[in-house]
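So the structure is just underneath, and the comments pick up after that.
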Amino acid sequence: MKKVIKGIIWSITAFFVVFVGGGYILPNEVNVQRQATISAPPDKVYALVANYRRFQEWSPWAELDPATTYRFEGPEAGVGQKMSWASNNPNVGTGSQTITEATENSHLGVDLDLGQMGKATSYWDLKPGTGGTVATWGFKMKLDGVLDRWMGLLMDRFVGPDYEKGLLRVKAVAEKAATSG
């Protein structure tokens, strides 16, 4: 019996050492990005993603809770534009995003405040390419604690599908705008 208890204690200790030690050798930042080629010029894509008042046209989260409330502050588009949202749906939550960098038709930098989930940044890079615009949508987040670093291993699985869905929606809306004038 004594050997069993000793074995359990050693197993728990080894697990704890691996968990904590492993956490410190994992990356302290996560970067998730997705890319799509959109058959529309960069100005059509930029007009869509740089104006939060058009967010619901392409957002992968808009349909999760139609009762989500949105508030807009700052200019119509570009640096300083801020969108805040509030939802009782835990997949949408409460937070805000503010455009902090804007290079017309090519780049957006965004500060995200995801409430209890923490702070992060997002970005859009748009480059002219064969057949339209190569759009890259990315997400970066610092991972401070050991548990955060372990969770970072799953972030691509959590965020990636939403970004893919959002890019498909941006593609559909921008391509429709490009063909209609």
Looking only at heavy atoms, which two atoms of [X] and [Y] are closest? And how far apart?
X: Gly129; Y: Val134; result: CA-CG2, 4.3 Å
X: His107; Y: Tyr46; result: O-CE1, 3.8 Å
X: Trp124; Y: Val170; result: CH2-CG2, 4.0 Å
X: Gly78; Y: Ala102; result: CA-CB, 4.1 Å
X: Ile99; Y: Tyr52; result: CG1-OH, 3.4 Å
X: Ala178; Y: Pro41; result: CB-CD, 4.1 Å

For the residue pair [X] and [Y], establish whether any side-chain heavy-atom pair is separated by less than 4.5 Å.
X: Glu73; Y: Ser84; answer: yes
X: Tyr70; Y: Gln56; answer: yes
X: Asn31; Y: Phe139; answer: no

Give a yes or no on whether [X] and [Y] share a hydrophobic cluster (residues Ile, Leu, Val, Met, Phe, Trp, Tyr; joining criterion: side-chain heavy atoms under 4.5 Å apart).
X: Val159; Y: Leu112; answer: yes
X: Leu64; Y: Leu168; answer: no
X: Val79; Y: Phe72; answer: no

Donor-acceptor pair between Thr136 and Gln33 side chains, under 3.5 angstrom: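 Result is no, nothing qualifies.
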
Polar contact flag, side-chain donor to acceptor under 3.5 angstrom, Trp61-Asp162: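 There is such a pair between these side chains.
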
Test side-chain contact (heavy atoms from CB on, under 4.5 Å) applied to Met141 and Met155, step by step: CA-CA 10 Å; Met141 184 176 210; Met155 200 61 92; 3.8 Å; yes

Steps toward side-chain contact (heavy atoms from CB on, under 4.5 Å) verdict (Asn89, Thr68): CA-CA 8 Å; Asn89 182 324; Thr68 300; over 6 Å; no

Value rounded to 0.5 Å, distance of NZ in Lys82 from OG1 in Thr100: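 Those atoms lie 12.5 Å apart.
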
Point-to-point distance, once rounded to the nearest 0.5 Å, from CD1 of Ile38 to CG of Leu167: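 If we round to the nearest 0.5 Å, Ile38:CD1 and Leu167:CG are 6.0 Å apart.
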
side-chain contact (heavy atoms from CB on, under 4.5 Å) assessment of Lys140 paired with Ser122: CA-CA 6 Å; Lys140 290 182 182 181; Ser122 181; over 6 Å; no

Trace of the side-chain contact (heavy atoms from CB on, under 4.5 Å) decision for Phe55 with Leu48: CA-CA 8 Å; Phe55 183 74; Leu48 192 56; over 6 Å; no

Do side-chain atoms of [X] reach the backbone of [Y] as a donor and acceptor pair under 3.5 angstrom?
X: Ser106; Y: Leu126; answer: no
X: Lys171; Y: Thr37; answer: yes
X: Thr133; Y: Ala135; answer: no
X: Glu175; Y: Ser39; answer: yes

Residues Arg53 and Glu76 bridged, charged N to O under 4.0 Å: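 Salt bridge flag = yes for Glu76 with Arg53.
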
Crowding at CG, Asn91 (>12 non-hydrogen neighbours, <6.0 Å):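 Yes, the 6.0 Å shell around CG holds more than 12 heavy atoms from other groups.
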
Criterion salt bridge (Lys or Arg N to Asp or Glu O under 4.0 Å) on Asp156 and Arg34, from CA distance to verdict: CA-CA 10 Å; Asp156 191 79; Arg34 294 295 189 268; 3.1 Å; yes

Tyr163: partners by ring pair (Phe, Tyr, Trp, His ring centres under 6.0 Å), with sequence neighbours left out: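 By the ring pair (Phe, Tyr, Trp, His ring centres under 6.0 Å) rule, Tyr163 matches Trp137.
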
Partners meeting side chain to side chain donor-acceptor pair (under 3.5 Å) with Arg169 (sequence neighbours left out):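 With sequence neighbours excluded, Arg169 shows a side chain to side chain donor-acceptor pair (under 3.5 Å) to Glu63, given in chain and number order.
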
